[in-house]
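Contents: one structure, followed by commentary.
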Amino acid sequence: MIRTCTLVLLLAPALATADFSMGAKVGTGGTGLEGVYHFDRQFALRGTIGTFTYTDVREISDINYEWELNVTGASLLLDIAPKGRNFYLTGGIFINGNTFDATAEVVDSINVGGTDYTTAELGDLSGTVDFNPIAPYIGLGWRWRNQEPGLSLGFETGLLFQGLGDVDLTATGPIASDPTFQADLARETDELEDKLGIAKLYPVIEVRIGYRF
């Protein structure tokens, strides 16, 4: 308790003189809002929230999947502007709700784990990919008029270290509970996780507009 009170007293002068910014962002990290405390010309504490959805069709392991990428989450970041200039480095944590949802395209037969199955046997083959719920983030950016009250514009790029995806594949057809099929499905799941290994590093590119009070 004493340590907490001491920390609050030490930070009180900085908080009292800190300038606050509110803004919006758009990019691969999601479309959303952010708030920034500028402690001085070099240091700022930033919180963001955002969401983003992207759909595509990709062939993985000889199966065409209709993919839907859902990016959602919030971040808490420390911005450091060397010598108080517009260029800054940033890093922190991301509360990560990113997921892939995938559904195999309907064809006469699909090869799952090395064995061909008809769509009548499989039913719908679909899956989800989840990532680490807490992920570190590092980046760099630039803000125009960052040090002055009023409107500001900015650009940021970085990497979200969200870890290897956890793939969960399921089928709805009559063969879904067959032990042999389950073994093939496990092999297919492992192959998908290997193919999606690149997704452990998620690139962030964002444009920002804000207002500093």
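Predicted, not measured: the structure shown is a model, and the values here were computed from it.
Residues L77 and E34 fail the side-chain proximity criterion, which asks for heavy atoms closer than 4.5 Å. Residues F43 and I80 meet the side-chain proximity criterion, which asks for heavy atoms closer than 4.5 Å. Counting heavy atoms from C-beta on, the side chains of F161 and I138 come closer than 4.5 Å. Taking 4.5 Å as the limit, some side-chain heavy atom of F181 sits within range of a side-chain heavy atom of L122. Considering only heavy atoms from C-beta on, Y137 comes within 4.5 Å of T90 through its side chain. Taking the side chain as every heavy atom from C-beta outward, L192 and Y65 approach each other to under 4.5 Å. N96 is not listed as a side-chain neighbour of Y202, based on a closest heavy-atom distance of 4.5 Å or more.
Listed by first and then second residue, the salt bridge (Lys or Arg N to Asp or Glu O under 4.0 Å) pairs involving residues 126-135 amount to none (not counting sequence neighbours). Applying the salt bridge (Lys or Arg N to Asp or Glu O under 4.0 Å) test to every pair with at least one member in residues 63-79, sequence neighbours left out, gives these pairs: R46-D79, D79-R143.
Proximity of a side-chain donor or acceptor of T28 to a complementary backbone N or O of I205 within less than 3.5 Å is detected. Between the side chain of T72 and the backbone N or O of G97, no donor-acceptor pair lies under 3.5 Å. Side-chain atoms of Q162 never come within 3.5 Å of backbone atoms of L201 as a donor-acceptor pair (strictly under, hydrogens ignored).
In the displayed structure, R187 atom CZ is contacted under 6.0 Å by more than 12 heavy atoms of other residues, nucleotides or ligands. Shown here is D56, whose CG atom has more than 12 heavy atoms of other residues, nucleotides or ligands within 6.0 Å.
Taking the six-membered ring for Trp and the full ring otherwise, F20 and Y37 have centroids separated by under 6.0 Å.
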(request) Determine, step by step, whether E206 and K25 satisfy the salt bridge (Lys or Arg N to Asp or Glu O under 4.0 Å) criterion, reporting the C-alpha distance in whole Å, the side-chain angles of both residues, the deciding distance to 0.1 Å, and the verdict. (result) CA-CA 7 Å; E206 294 180 333; K25 68 187 187 77; 2.8 Å; yes

